[in-house]
Amino acid sequence: MPELPEAERARQQIERALEREIVAVDDRDGYVCRPHAPGEIEAALVGRRFTRAHRRGKFLWVETDGDGPELGLHLGMAGSIRIDEEPAPNAWDRFSVEFAGGGRMALRDKRRLGRAVLEPDFSHVGPDAAEIGAKGFAERVGRGTAPIKARLLDQGVVAGIGNLLADETLWRAGLHPRRPAGDMSVEQLRALHRALRSATRDAIRLGGVHTGDFVAERRRDGTCPRCGGAPTSARIGGRTTWWCPNCQP
DNA sequence: AGCATTGTTTCACA
DNA sequence: TTGTGAAACAATGC
């Protein structure tokens, strides 16, 4: 379920595991832990403690004490962070850390598209969608010929917006997802930025992006909460996109 | 059985 | 060279 709101929730979970001594690491999943060989992450972390948990967009990273490495984490399409829970069945805990005293931290991910890596590189990741100001947002988002929906999903432009948050944001702003990003007026970009902030804030507060007003009606027999009309869908920016043809002309 | 999926990266093409 | 779009990746659920 991970978009920015879920990633922020995961970051808060990791904060529960700070300042505990790491005694073991399960990094045997060579796909989730690529390009590291099994045992590499374990060797770098055992004996250390996590000291701070950070997030930019959907990307998470944790600092360790002393001159220890940073641990990067990504939830992929279906991941979550579990603290002090029993191991999941079917080896769904793709990466885990065991602490002195018996606690643990796990990256639980049925789909296995999540990621754990040492010294993550975020040089290609844009500013966080929850932090960026109106000016920076307009400069970065309001350019190019791609549909605005695709522009919002580009993590190098602004980080943290996923398929559902993009649809919710465009609906709140009353903008058609296929509108070319570079053709939008300053007023429309301002409205889009405000919509992004409110949609993100609501999703974090209510527990996830699926709680969005429009996202909850984002299906074939749904109803637009504003006009009562029927949402429509198409493939835009490589993703299934839903919008209200009446409210988003 | 077949298709879609709340994500990211890589590759082909204009 | 830059930007855009599609495919690949893994595994599950409808």
Side-chain angles (χ1 to χ4, degrees), chain A residues 1-11 28-35 55-61 72-81 88-95 107-117 120-126 128-130 139-171 177-183 196 199-200 202-204 206-222 231 233-243:
Chain A
M1 326 169 193
E3 296 188 29
L4 187 153
E6 289 78 11
E8 173 56 22
R9 179 154 287 212
R11 192 197 64 78
R28 289 172 295 176
D29 191 317
Y31 186 73
V32 169
C33 298
R34 69 190 184 284
R55 178 191 61 76
R56 196 201 305 180
K58 309 168 195 173
F59 294 87
L60 301 164
W61 72 100
L73 296 169
H74 195 288
L75 302 176
M77 190 87 87
S80 62
I81 296 293
N90 304 329
W92 285 337
D93 289 349
R94 309 296 182 179
F95 173 83
L107 170 60
R108 187 164 302 177
D109 179 17
K110 288 187 183 183
R111 299 291 194 274
R112 218 168 148 223
L113 287 172
R115 196 83 189 267
V117 63
D121 172 23
F122 300 128
S123 57
H124 60 297
V125 180
D128 187 81
E139 285 171 358
R140 300 182 70 90
V141 174
R143 56 189 301 166
T145 57
I148 182 59
K149 166 74 181 269
R151 191 85 185 154
L152 289 174
L153 291 176
D154 187 338
Q155 305 301 300
V157 174
V158 169
I161 305 170
N163 196 32
L164 270 49
L165 189 57
D167 282 3
E168 177 74 21
T169 297
L170 287 165
W171 177 79
R178 244 196 271 268
R179 172 167 314 219
D183 282 0
L196 172 62
T200 304
D202 289 353
I204 292 174
L206 297 174
V209 69
H210 60 282
T211 62
D213 297 339
F214 182 70
V215 168
E217 296 295 328
R218 188 182 175 281
R219 59 179 188 274
R220 188 129 334 261
D221 62 347
S233 70
R235 201 158 183 85
I236 304 176
R239 319 287 301 193
T240 297
T241 299
W242 289 86
W243 72 97

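In what follows, chains are A, B, ... by sequence order, proteins preceding strands, each numbered from 1.
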* For A:Asp183, all residues meeting salt bridge (charged side-chain N to carboxylate O under 4.0 Å, His left out), sequence neighbours excluded -> none
* **d(CZ, A:Arg220; P, B:dA4) in whole Å** => 11 Å
* Phosphate oxygens OP1/OP2 of B:dT5: is one of them under 4.0 Å from a side-chain N or O of A:Arg218? -> no
* Asked: Do A:Asn90 and A:Lys110 have side-chain N/O donor and acceptor atoms under 3.5 Å apart?
  -> no
* Not counting sequence neighbours, which residues clear side chain to side chain contact (heavy atoms under 4.5 Å, CB included) with A:Ala129? List them please. => A:Leu4, A:Val158, A:Ile161, A:Leu196
* Could you tell me which residues satisfy side chain to side chain contact (heavy atoms under 4.5 Å, CB included) with A:Ala88, sequence neighbours excluded, listed by chain and number? => A:Trp92, A:Asp93, A:Arg108
* Could you encode protein contacts along nucleotides 4-14 of chain C as a string, one character per nucleotide from 5' to 3', using B for base contact, S for sugar-phosphate-only contact and - for no contact, with a heavy-atom cut-off of under 4.0 Å? => SS---BBBBS-
* To do: Anything below 3.5 Å on both distances counts as a pair; with that, list the stems of at least three consecutive Watson-Crick or G-U pairs involving DNA chain C.
  => B:2-5 with C:11-14, B:7-14 with C:2-9
* Quick one: what's the B/S/- string for nucleotides 8-14 of chain B, heavy-atom cutoff under 4.0 Å, read 5' to 3'? -> SS-----
* With a 6.0 Å cut-off on ring centres, are A:Trp242 and A:Phe214 close enough? -> no
* Asked: Using the C1' atom in both, what is the distance from B:dT6 to C:dT4, to the nearest Å?
  -> 23 Å
* Starting from P on B:dT6, measure out to CD1 on A:Ile236 and report it in whole angstrom. => 14 Å
